[in-house]
Amino acid sequence: MLNLTNKFGDTFLNELSGKGNFDISYGNIEINKLMNSDNVININFGKGDIHYITGAMISLKYSEMKLEYAGSLYVDSKFSNLEGNKIVSLSLVLEGGKLDLENTSVITGKSKFTDLSLSHLDKKIDLDIQYGNCDVGQVSPDFTLISIRNKYGNVSVNIPSGTSYTLDADLKFCDLDFPEDQATFTQKITTNTSKSFRATMGKKPNPEAKVIVRSEFGNVSLE
């Protein structure tokens, strides 16, 4: 196991097979490979650049991190920016800053005052979003769950046309854009302040995929 603390300096590590505990303040850390799945990385007022990481708990404060590949991560970020190419499974708590991610299979957690950008989602997204926007560029047709709880932000999730899923949506003081011509409704209620939809989307009568939307004062698009 490696325990490393560095303040006001830069750190470079090529490869580590054992567990690593890293505490970086007012400096940068660059790592090629972390092969263990039980790493702990704390960065305050610094920058992190990791090429490959199997798994870790990451804490960021007023910092920036770039990841090329990660297996399973838990990220607690305050007023920081996280950029990743591929993170297989990501659990997060974000406040301030932004997330820019190219590809993930599973992303769960909550964000506040944070903008989220995800280019491609394979399987599952389950997020509680407040005062920030979320943009998912493309969803795999064989996704399993999209669950969004949103307040005071705009959310866009691009589900391919013709995809089969069940829709469960309640909205207050906002709108939901989705392909209504592909829906078989069991409930469709619209008032001046609220909207509620229950429907089966696509051609499959009993699809396994689910889309759950709860939004207040923030528009949601599934197209």
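All residue numbers refer to positions in the sequence shown, counting from 1.
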Item to check | Stepwise side-chain hydrogen bond (donor to acceptor under 3.5 Å, both in side chains) test for N32 and N14 | outcome: CA-CA 5 Å; N32 187 26; N14 183 34; 3.0 Å; yes
Would the distance check show the side chain of [X] and the main-chain N or O of [Y] forming a donor-acceptor pair, the cut-off being under 3.5 Å?
X    : Y    : value
N158 : G137 : yes
D10  : G27  : no
S164 : K204 : yes
S80  : K78  : yes
T186 : R198 : yes
N39  : G55  : yes
S215 : G218 : yes
S140 : F143 : no
T163 : S161 : no
S196 : I189 : no

I'd like to know if [Y] and [X] are part of one continuous hydrophobic network [Ile/Leu/Val/Met/Phe/Trp/Tyr, side-chain heavy atoms within less than 4.5 Å].
X    : Y    : value
I58  : L4   : yes
L60  : L13  : yes
F185 : V213 : yes

Close side-chain approach of [X] to [Y], heavy-atom, < 4.5 Å:
X    : Y    : value
N103 : D122 : yes
N219 : D177 : no
F173 : N192 : no
C174 : F217 : no
F22  : L16  : yes
D135 : L118 : no
I53  : Y69  : no

Next on the checklist: Assess whether a salt bridge exists between K195 and D175, defined as any Lys/Arg side-chain N lying under 4.0 Å from an Asp/Glu carboxylate O.
Outcome noted: yes
Next on the checklist: What I want to find out is whether D115 reaches K98 closely enough, with some N-O distance under 4.0 Å, to be called a salt bridge.
Outcome noted: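 No, D115 and K98 are not salt-bridged.
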Work out which heavy atom in [X] is nearest to a heavy atom in [Y]; give both atom names and the distance.
X    : Y    : result
K123 : V106 : CB-CG2, 4.5 Å
T200 : P207 : CG2-CD, 3.8 Å
T104 : S89  : OG1-N, 4.4 Å

More than 12 heavy atoms of other residues, nucleotides or ligands under 6.0 Å from [atom1] of [X]: is that the case?
X    : atom1 : answer
Y26  : OH    : no
M35  : CE    : yes
E208 : CD    : no

Next on the checklist: Considering only residues two or more places apart or on different chains, which pairs with a residue in residues 48-68 satisfy side-chain hydrogen bond (donor to acceptor under 3.5 Å, both in side chains)?
Outcome noted: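 For residues 48-68: E68-N85.
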Checklist entry - With a 6.0 Å cut-off on ring centres, are F197 and F178 close enough? => result yes
Next on the checklist: My understanding is that only residues two or more places apart in sequence, or in another chain, count here; which of them pass side chain to side chain donor-acceptor pair (under 3.5 Å) with S72?
Outcome noted: none
Next on the checklist: The test is side-chain hydrogen bond (donor to acceptor under 3.5 Å, both in side chains); show your working for T11 and N6 and say whether it passes.
Outcome noted: CA-CA 8 Å; T11 301; N6 195 359; 2.8 Å; yes
